[in-house]
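Input: a single structure, listed below in structure tokens.
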There are 2 protein chains.
Amino acid sequence: MGTTQLETVPEPKYWHLKTVLSEALDSDFAVGEILPNERELAARFGVARATLRQALEQLELEGRLQRRRGVGTTVAPPRVGVSVGTEQHDWPGTAGDAWQAVDCAVGAPPLAVARLFDAEALDEVHTVRRIRTTHGQSVAAELLYVPASSVPDLTAIDAPSGPARARSVLRELQRLDLEGQDRAVELGSARADDAKELDRLPGAPVLVVTTRYFSLGRTVAVSVATYRADTCRLTFGDSGDVQISHDGHRQAS
Amino acid sequence: MGTTQLETVPEPKYWHLKTVLSEALDSDFAVGEILPNERELAARFGVARATLRQALEQLELEGRLQRRRGVGTTVAPPRVGVSVGTEQHDWPGTAGDAWQAVDCAVGAPPLAVARLFDAEALDEVHTVRRIRTTHGQSVAAELLYVPASSVPDLTAIDAPSGPARARSVLRELQRLDLEGQDRAVELGSARADDAKELDRLPGAPVLVVTTRYFSLGRTVAVSVATYRADTCRLTFGDSGDVQISHDGHRQAS
DNA sequence: CAGTGGTCTAGACCACTCG
DNA sequence: GAGTGGTCTAGACCACTGG
């Protein structure tokens, strides 16, 4: 091509594009504003649509953009800080936590979870589904695994499933002494069911927080919470809502 | 087309492919084993290479695969648990921590970091670069920002840069009273410099851990550490090396 | 050097949203 | 139905690794 290309390091087009777009986002767009559509942007920058999309994907991954099929691409607000923190040395389901129990089922947990329990009574595990919302939007979906042996006094009165049952399980859990917990964070991609709860497509990047709850020297419950990686910043410690993320955000229009 | 397509939910090809590959990984491959190359795999599954790559990307994101240009695609070992935890209520650079200081520079920090400090003496900020290695591989690259005002007794004897200087800054920092710290985790993509340290391509997904250090009621230092998201599981709390992640991993061949 | 994954193109069709 | 992003194809060339 006849362009004046003196660069010794052939930076990928999509990478350069991402940088350019990122700067444009800082200076020319307000939060919530809709960008031109992909075909138009691609034409404007003289690249194929796939290349343009590669740049947009990165920006979405970094929480700068939000894309919705049938709607368009909008400038995302800064990530919200959600506390996963140590201030909450409590059982899940304690009054006032940010979660809402939506369902419950009984069955064998997935292998990766089963491995975290002592191998006993693994067929009888209550699986509580909970949703966490902040500022009106769902930010996380959780599966809480509680072996039946951890809540021996759980009555069989109500149905084995449904939100009422979920709350019963949580209530029983809270009667135990919480000796400690153990947390890990890793990157994952949303399973179909989680994706639905989080209003994302399957495969969307999520932060998976695995928590083990200890009591009586045993692992009595395991929580696997998947947070939207695009919109969330997980905070640990004292202050939960400090402004980090990128710069130059002007507020909504 | 004339295919027998009865599926009511047209699952994307790459998603289905990912599932199939994932199961094959569990049953037919050992950690470290090399997969057939992309062109061959694509042909074998009857899809375009781009589609196959979409599936591989997902699996790499989930830490199941490792791809290296010029080499091939290998089955990744389970993620290593790296402790970012609370057991370490200490200044960075305390003897025995997992980090190695490699360099130091002076200058204004990026805007997003500057915002975390009280607006004072922001032109004079020491930036210490450190690397964290576990089991022989680099897992994280960090930039530690220390305003000159936080370390007033730092002598001007040695050069303003280099590893020796970095250690001096850390030493001065440790003389302060650490009142508390504050941590946040979010998803990001590796900048070019970090990518190089981590032996990844620019844009690779990383877990960004931002830590603020408090002393005398002020923020005296900020650390921005980027961990390889494909190979790391960040652990908080007591035990740091428990087996989570997926199942069926057979060990090296 | 041959073989690998990484980038890029120019198209096509599909699934979804909204007026 | 018009317009959006999501998926998919069949090619091409490039950058890197290793023998």
Side-chain angles (χ1 to χ4, degrees), chain A residues 1 3 5 7-19 21 33-43 45-61 65-76 189-190 192 195-196 199-205 230, chain B residues 1 3 5 7-19 21 33-43 45-61 65-76 189-190 192 195-196 199-205 230:
Chain A
M1 303 199 302
T3 55
Q5 175 87 12
E7 306 299 317
T8 53
V9 180
E11 196 177 43
K13 272 191 189 177
Y14 78 91
W15 185 259
H16 181 241
L17 236 187
K18 185 196 122 175
T19 309
L21 284 170
E33 207 169 333
I34 304 182
L35 268 59
N37 72 54
E38 298 185 347
R39 290 161 180 87
E40 155 126 25
L41 280 176
F45 287 105
V47 299
R49 195 179 150 216
T51 305
L52 186 267
R53 279 180 59 81
Q54 220 174 332
L56 294 185
E57 251 147 53
Q58 286 252 357
L59 290 169
E60 192 178 30
L61 200 78
L65 291 179
Q66 197 159 341
R67 300 192 287 175
R68 268 176 306 170
R69 169 157 45 177
V71 180
T73 301
T74 58
V75 180
S189 47
K196 198 171 180 183
D199 191 31
R200 299 258 61 198
L201 291 177
D230 56 342
Chain B
M1 306 200 299
T3 56
Q5 176 87 15
E7 305 298 315
T8 54
V9 180
E11 195 178 43
K13 272 190 191 177
Y14 78 91
W15 185 259
H16 181 243
L17 237 186
K18 184 196 122 175
T19 308
L21 283 169
E33 207 170 332
I34 303 180
L35 267 61
N37 73 54
E38 298 185 348
R39 289 161 181 87
E40 156 128 22
L41 280 176
F45 287 105
V47 299
R49 195 179 150 216
T51 305
L52 171 77
R53 280 180 58 80
Q54 219 173 332
L56 294 185
E57 252 147 52
Q58 285 252 359
L59 290 169
E60 192 178 29
L61 201 78
L65 292 180
Q66 199 160 341
R67 299 192 287 174
R68 269 175 307 169
R69 168 154 49 176
V71 179
T73 302
T74 59
V75 180
S189 47
K196 198 171 177 183
D199 191 29
R200 300 257 62 198
L201 290 177
D230 55 344

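Chain naming here is simple, since letters A, B, ... match the order of the sequence lines and numbering starts at 1 in each. Keep in mind that this is a model prediction, so the values were computed, not measured.
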Polar side-chain contact B:Arg39-C:dG5 base: donor and acceptor under 3.5 Å: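 Flag set: donor-acceptor pair detected.
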Rounded to whole angstrom units, what separation is found between the [atom1] atom of [X] and the [atom2] atom of [N]?
X: A:Asp199; N: C:dC16; atom1: CG; atom2: P; value: 13 Å
X: A:Ile34; N: C:dC18; atom1: CD1; atom2: P; value: 11 Å
X: B:Leu17; N: D:dT7; atom1: CG; atom2: P; value: 13 Å
X: B:Gln58; N: D:dG6; atom1: CD; atom2: C1'; value: 13 Å
X: A:Leu52; N: C:dC8; atom1: CG; atom2: P; value: 12 Å
X: B:Leu65; N: C:dG6; atom1: CG; atom2: P; value: 11 Å
X: A:Arg68; N: D:dG6; atom1: CZ; atom2: P; value: 11 Å
X: B:Arg67; N: D:dT17; atom1: CZ; atom2: C1'; value: 16 Å

Given B:Glu38, B:Glu60, B:Gln58, the one that forms side chain to side chain donor-acceptor pair (under 3.5 Å) with B:Arg53: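 Passing option: B:Glu38.
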Of A:Gln54 and A:Gly70, the one whose closest DNA chain C nucleotide lies more 5':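 So the residue in question is A:Gln54.
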Using a cut-off of less than 4.0 Å, is there contact between a side-chain N or O of [X] and OP1 or OP2 of [N]?
X: A:Thr51; N: C:dT7; answer: no
X: B:Lys13; N: D:dG6; answer: no
X: A:Thr73; N: D:dT4; answer: no
X: A:Tyr14; N: C:dC8; answer: no

Touch class at under 4.0 angstrom, heavy-atom based, for B:Arg53 against every strand present: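 Base contact.
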Sugar-phosphate only, base, or nothing, as touched by B:Leu201 at under 4.0 Å among non-hydrogen atoms: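 B:Leu201: backbone/sugar contact only, no base atoms under 4.0 Å.
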Minimum-distance nucleotide (side-chain atoms of [X] versus [options]):
X: A:Arg69; options: C:dC8, C:dT4, C:dA15; result: C:dA15
X: A:Val71; options: C:dT7, C:dG5, C:dT17; result: C:dT17
X: A:Asn37; options: D:dG5, D:dC8, C:dT7; result: D:dG5

A:Asn37, CG atom: more than 12 neighbouring heavy atoms under 6.0 Å: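 Yes, the 6.0 Å shell around CG holds more than 12 heavy atoms from other groups.
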A:Arg68 atom CZ, over 12 foreign heavy atoms within 6.0 Å: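 No, CZ of A:Arg68 has 12 or fewer neighbouring heavy atoms, counting only those of other groups under 6.0 Å.
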Nearest-nucleotide comparison on DNA chain D, the residue closer to the 5′ end among B:Arg49 and B:Gly46: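 Nearest nucleotide further toward 5': that of B:Gly46.
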Stepwise side-chain contact (heavy atoms from CB on, under 4.5 Å) check, A:Thr51 with A:Phe45: CA-CA 10 Å; A:Thr51 305; A:Phe45 287 105; over 6 Å; no
Inter-residue atom distance B:Lys18.NZ - B:Gln54.CD, 0.5 Å rounding: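 That separation rounds to 11.5 Å.
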